[in-house]
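If you read the sequence from its start, that first residue is 1, and numbering goes on from there. Here the structure is a predicted model, which is why all the values come from computation and not from measurement.
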Amino acid sequence: MNSTIKDMIERRSIRKFRADEVPQALIDEVIEAGLYAASGKGKQSPIIVAVTNPDLRTQISRDNCRIGGWQEGHDPFYGAPVILMVLAPKVVPTAVEDGSLVLGNLMLAGHALGLGTIWINRAKEAFEEPYYKDLLKKIGIEGEYIGVGHCALGYRDGDLPKPPARRANRVYYVS
């Protein structure tokens with residue numbers, strides 16, 4: 001089987017990560033794959049904010065927990081040491097679609113490199129809050145962005161989950 005297709009079939013969302021630091025070279029390789037995602041009219045509008053700072057990572061987790069309505073102390077990022085936040089300019093009509101393709105590439109690249117990943121929502125709500133708008137300004141990002149999603153990244157703690165059976169009646173052919 002082709003290795004790309006094999007990775008697509010075998011990739012799973014990881015819900016338990018080791019605290020081990022991910023080497024910067026691996027993070028960069030995952031990010032590069034994200035930057036090569038298809039985008040509407042080839043505009044390459046999504047951006048990625050890579051968070052490895054433990055204090056900021058904890059703040060993002062706390063806020064995501066609050067937005068999601070979980071009990072304080074829950075970590076929606078399952079202990080992953082790296083959070084890759086994907087955003088796209090609000091003025092781009094395909095912002096969410098383009099950012100979603102970036103997230104898909106990030107997750108597949110992470111899996112291909114032996115890392116675990118999971119897409120975590122609530123980026124849209126977070127980046128509507130003043131704290132996150134200010135964070136973007138502090139790191140030199142101007143303009144209005146929509147948060148598309150977070151990719152939690154790290155070494156999985158445990159075995160790769162088994163895939164659930166594929167639901168029937170999801171493909172229809174018209175000849």
* Glu129/Arg66 under salt bridge (Lys or Arg N to Asp or Glu O under 4.0 Å): CA gap, chis, key distance, verdict -> CA-CA 12 Å; Glu129 295 184 354; Arg66 173 183 47 78; 2.9 Å; yes
* Please test Val30 against Val82 for side chain to side chain contact (heavy atoms under 4.5 Å, CB included), starting from the C-alpha separation and ending with a verdict. => CA-CA 11 Å; Val30 169; Val82 180; over 6 Å; no
* To do: Starting from the C-alpha separation in whole Å, work towards a yes-or-no answer on side chain to side chain contact (heavy atoms under 4.5 Å, CB included) for Glu72 and Cys65.
  => CA-CA 7 Å; Glu72 190 175 327; Cys65 185; 5.8 Å; no
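Pro23 pairs by the side chain to side chain contact (heavy atoms under 4.5 Å, CB included) definition with Leu26, Tyr155, not counting sequence neighbours. With sequence neighbours left out, Asp28 forms a salt bridge (Lys or Arg N to Asp or Glu O under 4.0 Å) with no residue at all. Qualifying side chain to side chain contact (heavy atoms under 4.5 Å, CB included) partners for Leu101, counting only residues two or more places apart in sequence or in other chains: Ala37, Ala38. When the side chain to side chain contact (heavy atoms under 4.5 Å, CB included) test is applied to Lys43, the partners found at least two apart in sequence or on another chain are Lys41.
As a member of the Ile/Leu/Val/Met/Phe/Trp/Tyr network built from side-chain separations under 4.5 Å, Ile9 groups with Met1, Ile5. Cluster note: Leu108 groups with Met8 through ILVMFWY side-chain heavy atoms spaced under 4.5 Å, whether in direct contact or through intervening members. Using a 4.5 Å cut-off between side-chain heavy atoms of Ile, Leu, Val, Met, Phe, Trp and Tyr, Leu87 falls into a hydrophobic cluster with Ile14, Phe17, Ile47, Val49, Val51, Leu56, Ile60, Phe77, Tyr78, Ile83, Met85, Ile118, Ile120, Phe127, Tyr131, Tyr132, Leu135, Leu136, Ile139, Ile141, Tyr145, Leu160.
Sorted by first and then second residue, the pairs that involve residues 101-119 and meet side-chain hydrogen bond (donor to acceptor under 3.5 Å, both in side chains), not counting sequence neighbours, are Trp119-Asn121. Each side-chain hydrogen bond (donor to acceptor under 3.5 Å, both in side chains) pair with one or both residues in residues 162-175, not counting sequence neighbours, would appear here, but there are none. Evaluation of the salt bridge (Lys or Arg N to Asp or Glu O under 4.0 Å) test over residues 89-106, restricted to residues two or more places apart or in two chains, returns Lys90-Glu128, Lys90-Glu144. Within the structure, the salt bridge (Lys or Arg N to Asp or Glu O under 4.0 Å) test picks out the following pairs touching residues 75-89 (sequence neighbours left out): Arg57-Asp75. Annotation: salt bridge (Lys or Arg N to Asp or Glu O under 4.0 Å) contacts involving residues 11-26, sequence neighbours excluded, comprise Lys16-Asp157, Arg18-Asp20.
Residue Ile31 holds its CD1 atom at 8.5 Å from CG of Leu153, rounded to the nearest 0.5 Å. For the atom pair CG of Asn53 and CD of Gln59, the computed distance is 11.0 Å after rounding to the nearest 0.5 Å. With rounding to the nearest 0.5 angstrom, the CG atom of Leu106 is 11.5 Å from the CG atom of Leu115.
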